There are 2 protein chains.
Amino acid sequence: MKLATLKDGTRDGQLVVVSRDLTKYLPAGPAAATLRAALDDWDEIAPQLEAVAGKVDGEGAAFDPVQCMAPLPRASQWADGSAYVNHVELVRKARGAELPASFWEDPLMYMGAPDAMLGPHDDIEASSEDWGIDMEAEVAVIVDDLPQGITPDEAAGKIRLIMILNDVSYRNLIPGELAKGFGFFQSKGPTAFSPVAVTPDELGDDWKDGMVHRQMLVEYNGAPFGRADADVDMTFNFPKLVSHTARTRDVQAGAVIGSGTISNKDADGTPGKPVADGGKGYSCIAEIRMIETIRDGAPMTPFMKFGDTVRMDMKDDDGNSIFGVIDQRVVKYG
Amino acid sequence: MKLATLKDGTRDGQLVVVSRDLTKYLPAGPAAATLRAALDDWDEIAPQLEAVAGKVDGEGAAFDPVQCMAPLPRASQWADGSAYVNHVELVRKARGAELPASFWEDPLMYMGAPDAMLGPHDDIEASSEDWGIDMEAEVAVIVDDLPQGITPDEAAGKIRLIMILNDVSYRNLIPGELAKGFGFFQSKGPTAFSPVAVTPDELGDDWKDGMVHRQMLVEYNGAPFGRADADVDMTFNFPKLVSHTARTRDVQAGAVIGSGTISNKDADGTPGKPVADGGKGYSCIAEIRMIETIRDGAPMTPFMKFGDTVRMDMKDDDGNSIFGVIDQRVVKYG
């Protein structure tokens, strides 16, 4: 089942069920006017949504992803991990710091703003290019209620929906903010999500071991930029990340939990080569800058400027988009 | 106007209007079934709530704060500051670290879990006493929509409601978590709020310069523990904190923005004396432990154990509770 939220002038939008090929949709109906309402009572609502899904190919209207909000425009919380420790190791290496051993055992996770969720075609509106505007291509899940202390095994059964996302980051604001010790705050921009959120069963064999087994296809200004495998170098899978969020608190249905930037070492063990050279490329600009710093002593690739575009997609074996495309332009705010 | 949310089995509860003396209530009515709905459209809904408020003394039913959820059980975001820099300076001093000068100019703020909001009489359910369970008495505001880059002057006009709260913290989890660099995550428990949220006009002269000019009365296991003045040593007022949250992102109506632990230097310039000795006392246990560490080389006061109770209140000139009382017991989870 694939779900989307259409812009209708309200804050939570209109929940619709989308066909597998992303061409048609039907309204979810009054019992589930919004995805938030559906998640509040998932066990009861999901079968009704499945019934709508059974009719969407025959009866659906044309689906236009440009009309999409984020599938869940206001999440109950937005917790983002850093599960690809390769990425974290690169950050450290670029500034000559060691990676603590605990980083391989205990997930890094930060709390983001769950009310700053963009649709897949919404602009990235930043007040200044000086912030160091960057993309981060990630996978995220939406979970059901989690009791405090839930184990990873139990957490696996609480994952209701899967999306891809662009976690906009303001790199030049990060060092000062992290130095203050309280984590990211202003250094994270709004987060953009794929047109649809899909149930795990929809992914078939591409969802196993708590990971999505597909490549994250990133294009930057129209050119291939990243081809990282979401199931490679993912040190902490989603059940582990989900469990982490609930260690000391109950978590309410509708929490969005992200993987962090997808990042692969290349096959030859190097930290990352451009797609044009047959490498996996990058899911964010910071990574290529870190590699340039390690290799050349200084970064060369600039961060994003007004007018730059980023596109993220994930395709199935037949080359069809699974989640729909994130396609954003950076513009000056206001 | 004073607003509360009663437990009715739903996640967002039932919005009610409460009399100034906190003895009576009336349902807010179908136009504003929940505080979230009211905040989504405040300019239109507030006059309707005012109309209900005009009838509550005459027509209201008996108000029972034990039946309260947090006024806003699911916030659009929960951003907590550390505006009383005296507190931050003490933390640093206790571990022999200098306070960076920027801490007096740029607010410290962390992003919390906006779905873990407790009612004023709900238990603090922790899985382990080893976490170092602590209270933090604070003031918070609920704001309307904030555009990116809003100034403190503009932000002052976006403050819709004011509450007090207990920001439960797990002190023994903080050092490890902050060392990882991404800020608080598991080291913050659920947050409990006062029975009612009040509009700024309700406070009269007690709300000026963007601060609440009253004492935070904290009792710990039935004994006076803190009498800190919320308007003293508050380095960053609420308009400044609100502005900080929106520097790089739009913020949606329904965000809760906290002051951080209220903390006063004592009149003689010492960092804090017990209430029994005529001092201002403490709004959290960590503070007395820091003072003990600075004075004696080691902390003596333990953190909270199962069965311990904490009570927070703020009274007007006539000795009447303004927000109602937070009264919680620590219990073992589950």
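The shown structure was predicted, so the numbers you read here are calculated from the model rather than taken from an experiment. A note on names: the letters A, B, ... follow the listed sequences, proteins ahead of strands, and every chain is numbered from 1. The figures here come from the full heavy-atom set of this structure, side chains too, leaving out hydrogens, waters and symmetry mates.
At a 4.5 Å heavy-atom cutoff, B/Ser102 makes no contact with chain A through either its backbone or its side chain. Of the atoms belonging to B/Ala253, heavy atoms from both backbone and side chain fall under 4.5 Å from chain A. Heavy atoms closer than 4.5 Å to chain A are found in the side chain of B/Arg249, but not in its backbone. Neither the backbone nor the side chain of B/Trp78 comes within less than 4.5 Å of any heavy atom of chain A. Looking at A/Pro100, there are no atoms closer than 4.5 Å to chain B (heavy atoms on both sides), in backbone or side chain.
Taking CE from B/Met111 and CD from A/Gln186, the interatomic distance works out to 9.5 Å, rounded to the nearest 0.5 Å. With rounding to the nearest 0.5 angstrom, the CD atom of B/Gln148 is 3.5 Å from the OG atom of A/Ser127. A/Asp12 contributes atom CG, which lies 7.0 Å from atom CG of B/Asp40 (distance to the nearest 0.5 angstrom). Annotation: the span from A/Asp145 atom CG to B/Asp115 atom CG amounts to 9.0 Å, rounded to 0.5 Å.
Ring pair B/Tyr110/A/Phe185: centre-to-centre distance not below 6.0 Å.
The nearest pair of heavy atoms linking A/Gln252 to B/Pro73 is NE2-O, 4.5 Å.
No side-chain heavy atom of A/Arg11 sits under 4.5 Å from any side-chain heavy atom of B/Arg36.
The interface of residues 168-180 of chain B with chain A, defined by heavy-atom distances below 4.5 Å, comprises B/Tyr170, B/Leu173, B/Leu178, B/Lys180.
Between chain A and the options B/Ala255, B/Pro190, B/Pro114, B/Ala116, heavy-atom pairs under 4.5 Å are most frequent for B/Pro114. With chain A as the partner, the residue from B/Ala126, B/Gly149, B/Gly112 showing the most heavy-atom pairs under 4.5 Å is B/Gly112. When the candidates A/Val251, A/Thr248, A/Asp106 are compared by the number of heavy-atom contacts under 4.5 Å with chain B, A/Thr248 comes out ahead.
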